[in-house]
Amino acid sequence: MFIDEMKIYVRAGRGGDGIVHWHHEKGKEFSGPDGGDGGKGANVFVRAVRDIYILAKYKHKKEFIAENGEAGKGKSMHGKNGEDLNIDLPIGAIITNLESGEKFELLEENQKIQLLKGGRGGLGNEYFKSSTNTTPKEWTPGKPGEEGNFFIELNLFADIGLIGLPNAGKSSLLNTLTHAQAKIGAYKFTSLDPNLGAFYGYIIADIPGLIEGASEGKGLGIKFLRHIKRTKMLAHLVSFENGEEMISVYKKIRKELEKYDPVKSLRDHGAGPSLTEKDELIILTKTDVTDEETIKKIIKEFKKLKKPIFTISLYDDASIKTFSDLLIKILKSHT
Ligand SMILES: Nc1nc2c(ncn2[C@@H]2O[C@H](COP(=O)(O)OP(=O)(O)OP(=O)(O)O)[C@@H](O)[C@H]2O)c(=O)[nH]1
Ligand SMILES: [Mg+2]
């Protein structure tokens, strides 16, 4: 099950209390205060992990309570600090503090953001010892930790975006590599929205088909390209059904990408390079509809582009396996 938003209550740890305690020494009835300070309450962090399904694991756990600090001890000993609580959330999670309205966004793996501060520990009676007060009975309680209600929503962004003409086989490839169940059809514009799938923790986005003139609104237009403005890499699919036209089909789609330039302010906020500057893999699909000779000839043309080229067919398991193995390596080296 996929959950992309939820509300949670979070509380940082309370500081431990300071204590009143008296030093004991053999032969001496009383030798001064030695009550220690309380430990610090645990802080709460959110931490980005590569798991888009993790929110589903919290379905029945809506409260996150961090450890309290322990009370101080005799012999001037500090209470133990509470151990910080890390709440794992998917990369792309936006966390809003519902009381203050403050927003945080997790953008990369292992990124940690502090949500709440634990309370300070109280003071033990030793702290109050002075020349005028040699038998202090004062102590202070630990401070409560911060608490709050938070709204979490996922703004998933893909690690790789599949683009190409309608019918190129984008959704079919997504379904083959991931558990996605995108609609497949032998007609144009089967996909009307992007589809997402998780591939070894990486997110693949299947973008609805693009056609010449998309940047002027033809077909479904290019509005969906915003979903891949933050991806590091594109996979451009061109089907052998296009025969001799394959390279020109490829170039036409590149022209449309060129015309989509993320607004500059978005670029400054992590949108990354423009679409044509991103790394691109070329995937020549449906090798089963053509012959060896044509495949060789077309590959030769595409090689001039000096980009990684793959040939696949859904009916050739080995081609899918080779592609999938290399894709894992490529994705790993990109993050
Ligand atoms: N022969 C053959 N057909 C394929 C292959 N891959 C996909 N197809 C077929 O090609 C058609 C289009 O596939 P889709 O995956 O829906 O194509 P798409 O690129 O997502 O198309 P849009 O959503 O319209 O942009 C379907 O009928 C698929 O069954 C392949 O390797 N070989
Ligand atoms: Mg599709």
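For ligands, and for the atoms within them, numbers begin at 1 and follow the listed sequence. In this text, all values refer to a predicted model and were calculated from it rather than measured experimentally. Note that the numbering runs from 1 along the sequence shown for the chain. Note: hydrogens, waters and symmetry copies are ignored here, and every other heavy atom, side chains too, is used.
The closest approach between a heavy atom of T285 and any atom of ligand 1 is not below 4.0 Å.
With N195 contributing its side chain and A182 its backbone, the two residues share no donor-acceptor pair below 3.5 Å. Between the side chain of N242 and the main chain of S239, a donor-acceptor pair closer than 3.5 Å is present. Judged purely by atom type and a 3.5 angstrom limit, T140 uses its side chain to pair as donor or acceptor with the backbone of L123. Side-chain N or O atoms of N125 include one that pairs as donor or acceptor with a backbone N or O of P136 at under 3.5 Å.
Of all atoms in ligand 1, listed by their number and element, those nearer than 4.0 Å to a heavy atom of G209 are 25 (O). Heavy-atom proximity to S313, at under 4.0 Å, picks out these atoms of ligand 1: 31 (O). Distances below 4.0 Å separate heavy atoms of T190 from the following atoms of ligand 1: 22 (P), 23 (O), 24 (O). Ligand 1 places these atoms under 4.0 Å from at least one heavy atom of F189: 24 (O).
In terms of protein heavy-atom proximity, atom 25 (O) of ligand 1 is closest to K170 NZ, 2.9 Å. In this structure, the protein non-hydrogen atom closest to atom 14 (P) of ligand 1 is S172 OG, 3.6 Å. From the protein, the heavy atom lying nearest to atom 28 (C) of ligand 1 is I184 CG2, 3.6 Å.
On a distance-only criterion, L314 and ligand 1 share at least one N/O pair closer than 3.5 Å.
For atom 20 (O) of ligand 1, the nearest non-hydrogen atom from the set G185, G169, G164, S171 belongs to S171. The heavy atom nearest to atom 1 (N) of ligand 1, out of those in N167, I320, D288, is found in D288. Distances from atom 5 (C) of ligand 1 to the heavy atoms of K188, K286, K183 put K286 nearest.
Between E212 and K255, none of the side-chain N atoms (NZ, or NE/NH1/NH2) sits under 4.0 Å from a carboxylate O, so this pair counts as no salt bridge.
By the 6.0 Å and 45° rule, K112 stacks over the aromatic ring of F45. Figure legend: K321 and F323 shown without cation-pi pairing, the cationic atom not lying both under 6.0 angstrom from the six-membered ring centre and within 45 degrees of its axis.
Here F302 and Y250 bring their ring centres to under 6.0 angstrom of each other. Between F150 and Y9, the gap from one ring centroid to the other reaches at least 6.0 Å.
Under the side-chain hydrogen bond (donor to acceptor under 3.5 Å, both in side chains) rule, H236 has a single partner from K170, E280, R254, which is E280. When each of L173, L281, I163 is paired with L237, the side chain to side chain contact (heavy atoms under 4.5 Å, CB included) condition holds for L173 and for no other.
At a heavy-atom distance under 4.0 Å, only side-chain atoms of V289, from C-beta outward, approach ligand 1.
Residues S171 and D206 have side chains that bring a donor and an acceptor to within less than 3.5 angstrom of each other.
Counting only protein atoms, the N, O or S atoms lying less than 2.8 Å from the Mg ion (ligand 2) are S171 OG, S191 OG, ordered by chain and residue number.
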